[in-house]
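The figures here come from the full heavy-atom set of this structure, side chains too, leaving out hydrogens, waters and symmetry mates. Residue numbering restarts at 1 for every chain, and letters A, B, ... go by the order of the sequence lines. These numbers come from a predicted model, not from an experiment.
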Amino acid sequence: MSEKFYLTTPIYYVNSAPHLGTTYCTLAADTIRRYQAMLGKETLLVTGSDEHSQNVERAARKKGQSPYDFSTELSNEFKREWDLFEIPYRFIRTSDPRHHATVQWLFERCRANGYITAGTYTGQYCVNCELYVNDAEAGDPCPDCGRATETVTEENYFFKLSAFEDRLLKLYEEQPEFVTPDYRRNEIVSFVKGGLRDLSITRSNLQWGIPVPVAGHHVFYVWFDALISYLTAVRDEHYWPADVHLIGKDILRFHAIYWPAFLMAADLPLPGKIVAHGWILKDQVKMSKSRGNVVRPEPLRQVIGADPVRYFLLRDIPFGQDGNFSYDSLITRINADLANGIGNLASRTLTMIRQYRGGNIPASQGAAEISAAATDAVAAYRVSFEKYEFNRALESLWTLIGAVDKAIVAYQPWTLAKKDHPEPQAKLDEILYSAAEVIRLATALLHPVMPDATAKIWAQLGMTTPIAETRIDQLAWGQLPAGQAIGEIAPVFPRLEAAKVIDRIQEIDDMEVDRINVLLGKTEAPAEEVKQPWAPPPGVAPLAPEITIDDFVKVDLRVAKVLTA
RNA sequence: GCCGGUGUAGCUCAGUGGUUAGAGCGACGGUCUCAUAAUCCGUAGGUCGUAGGUUCAAAUCCUACCGCCGGCACCA
């Protein structure tokens, strides 16, 4: 009976289509899941869609659809994207009757244990937008429409979050990795130490939601709905509790505080850890619909391919921190590490094996320095990977790849091949075997990150066992069988030409935007204004015509501080 | 405002008291030829945010200031 490993992404809100942020999280989750599978575990990745909200209801109505039909189309959009990225998942919708039943069941359990109370909720509400505005004072403007909000008071049900302060602090202390990375844990600890207030978990004037099993009309509000989907997805299965909830830093508090408290209140086992990642910035600024700088995954996948995109995101961004996305860094990274790095190493090694050894892996122990470096790299990779430090894991592997490239130049196999004596021939076997064996080890370790490309290299090496069934905890130097016939050689990571690639991405992105706008019921294309050249605001003199560089060097620019005026 | 973090080469970062401060990428020059105009070698580039202090010795510890980032209750 193998160990199970259950992890989740957030269930994504159906107010928009997948973007690079949701894709990042899902790709990372897929990578973690594949890694755990290669440790021999029975794995499950759950993702899904969060559908109940006033906003969704309004968007659907505007488009002339029921909230359910609207949500169905959008959740299909997420499924479609993960399918295209070839990510295996189990999908849960909050509109699913099974989920309704689970939420109600959990509510009853919490209530039976005395953690649900009836109370009065008072807050600010925008009648126009039908929106609860949370940290607003009486009369504050609505963030959406700017009209004054009204103070509303209604009878609600509350969750006694305040009863869990001590137990939560004990959890964070006894299980320090419950919240990862550690700086996020510190934030959570200090927040809880500051005292917890009870949580209003129902609303009486919303329609599109899960009915609360009490007299009168109430539906569950936000978190006592969304979080519970993780449980719904595996209800009555051996997968619970989740080993990892992978989330963005913006929803950490709900996962690290509310969620364990709900589960404690219901006497259910707690998840293993909450892992929070950062945001992806586009050219150093936060992506947002209003800025019109949202990066969509589909053009990247179509033009560059899923595997290089996955590699870039995990290699270039320290997991947990915010990271920057730019076409320039993407293309540079792919060319340097994939095309010139591992791709070229595989290519040159296999070609030499074909040319000098008739396409059969030579028999050799390999070079001592390389086998030692490889053993270290494998260990370092695993340590970093299991701490979710993907960038460091990958970096340690590329140090090894660099060492092999260096060794090839030092050995000069093309010179050795011309010498028909046992000694140089043995040296030739040694370097060729070493290089091929490093490729095998690196490819196996990289398989969770780049499932498709690594399978191709695996086949080129002549491996006959499925790469996904390789046990990465059993990798050791020297397992590449001597005499094995290599497969057909073909480049796996072609070099990218920046200008062409970017043009093609833009082209596809334009089509994507149109398609998504139809889906969301938006008629006019938004955010076009950001592409307009900058214009001076009223009262500011228009810009003078630009000058050439030749004129510019003639300009004498000086800075002065005005002391009196 | 309060709390926490951070500021090191053009870019991304490593380096928590001890030799002339490092890596990758990018730039430039050279080289091999097995390879995807790849590899490899070399060069350029840093008053380690600023000002003090502790110490025989500080990027590394302390203080102040400046900049940036995060958290400070319901942001899916």
Gap in Å between the two C1' atoms, one belonging to B/G17 and one to B/U33, rounded: 48 Å
Interatomic distance, A/D328 CG vs B/C25 P [rounded to whole Å]: 15 Å
Gap in Å between the two P atoms, one belonging to B/C2 and one to B/A21, rounded: 38 Å
Geometric class of the A/Y24/A/F319 ring pair [parallel <30°, tilted 30-60°, perpendicular >60°]: tilted
From B/C13, B/C74, B/G26, nucleotide with atom closest to A/Q321 side chain: B/C13
Letter per nucleotide, 5' to 3', of nucleotides 28-38 of chain B [B base touched, S only sugar-phosphate touched, - untouched; heavy atoms, 4.0 Å]: ----SSBBB-S
For A/D337, salt bridge (Lys or Arg N to Asp or Glu O under 4.0 Å) partners two or more places apart: A/R333
Separation between the P atoms of B/A57 and B/C41, rounded to whole Å: 39 Å
Residue from A/L45, A/T9, A/T47 passing side chain to side chain contact (heavy atoms under 4.5 Å, CB included) with A/W82: A/T47
Separation of atom CG in A/D182 from atom C1' in B/G5, rounded to whole Å: 11 Å
Touch class at under 4.0 angstrom, heavy-atom based, for A/G195 against every strand present: base
Output side-chain donor-acceptor pairs under 3.5 Å for residues 344-353 of chain A, partner residues at least two apart or in another chain, one line each.
from, atom 1, to, atom 2, distance (Å)
A/R348, NH1, A/D405, OD1, 2.6
A/T349, OG1, A/L345, O, 2.7
A/T351, OG1, A/S347, O, 2.6

Contacts of type salt bridge (Lys or Arg N to Asp or Glu O under 4.0 Å), residue A/E73, not counting sequence neighbours: A/K63
Contacts under 3.5 angstrom, residues 157-167 of chain A side chains, donor-acceptor by atom type, not counting sequence neighbours:
from, atom 1, to, atom 2, distance (Å)
A/S162, OG, A/D198, OD1, 2.7
A/E165, OE2, A/L196, N, 2.8
A/R167, NH2, A/Y115, OH, 2.9

Protein-nucleotide distance (A/D250, atom CG; B/C75, atom P), rounded to Å: 11 Å
B/C61 versus B/C56 - spacing of their C1' atoms, nearest Å: 16 Å
Distance in angstrom units between A/D322 CG and B/U6 C1', rounded: 13 Å
C1'-based separation of B/C65 from B/U6 [nearest Å]: 16 Å
Interatomic distance at P, B/G24 relative to B/U43, whole Å: 13 Å
Watson-Crick or G-U wobble mate for B/C25, both contacts under 3.5 Å: B/G10
Pairwise P distance, B/G22 and B/A38 [rounded to whole Å]: 28 Å
Residues in salt bridge (Lys or Arg N to Asp or Glu O under 4.0 Å) contact with A/R315, at least two apart in sequence or another chain: none
Any A/K249 side-chain N or O less than 4.0 Å from OP1/OP2 of B/G71: no
Between B/U19 and B/G29 - P atom distance, rounded Å: 36 Å
A/D198 CG - B/C74 P separation (whole Å): 15 Å
N/O donor-acceptor pair under 3.5 Å between A/Y311 side chain and A/L338 backbone: no
Atom pair distance, as rounded to whole Å: CZ in A/R184 and C1' in B/C75: 14 Å
Sugar-phosphate, base or nothing in reach of A/L196, heavy atoms under 4.0 Å: base
Complementary nucleotide for B/G70 - Watson-Crick or wobble, under 3.5 Å: B/C3
Whole-Å gap separating P (B/C11) and CG (A/N335): 21 Å
Touch class at under 4.0 angstrom, heavy-atom based, for A/T399 against every strand present: nothing
Minimum-distance nucleotide (side-chain atoms of A/F254 versus B/A73, B/C75, B/G26): B/C75
Sugar-phosphate, base or nothing in reach of A/R315, heavy atoms under 4.0 Å: nothing
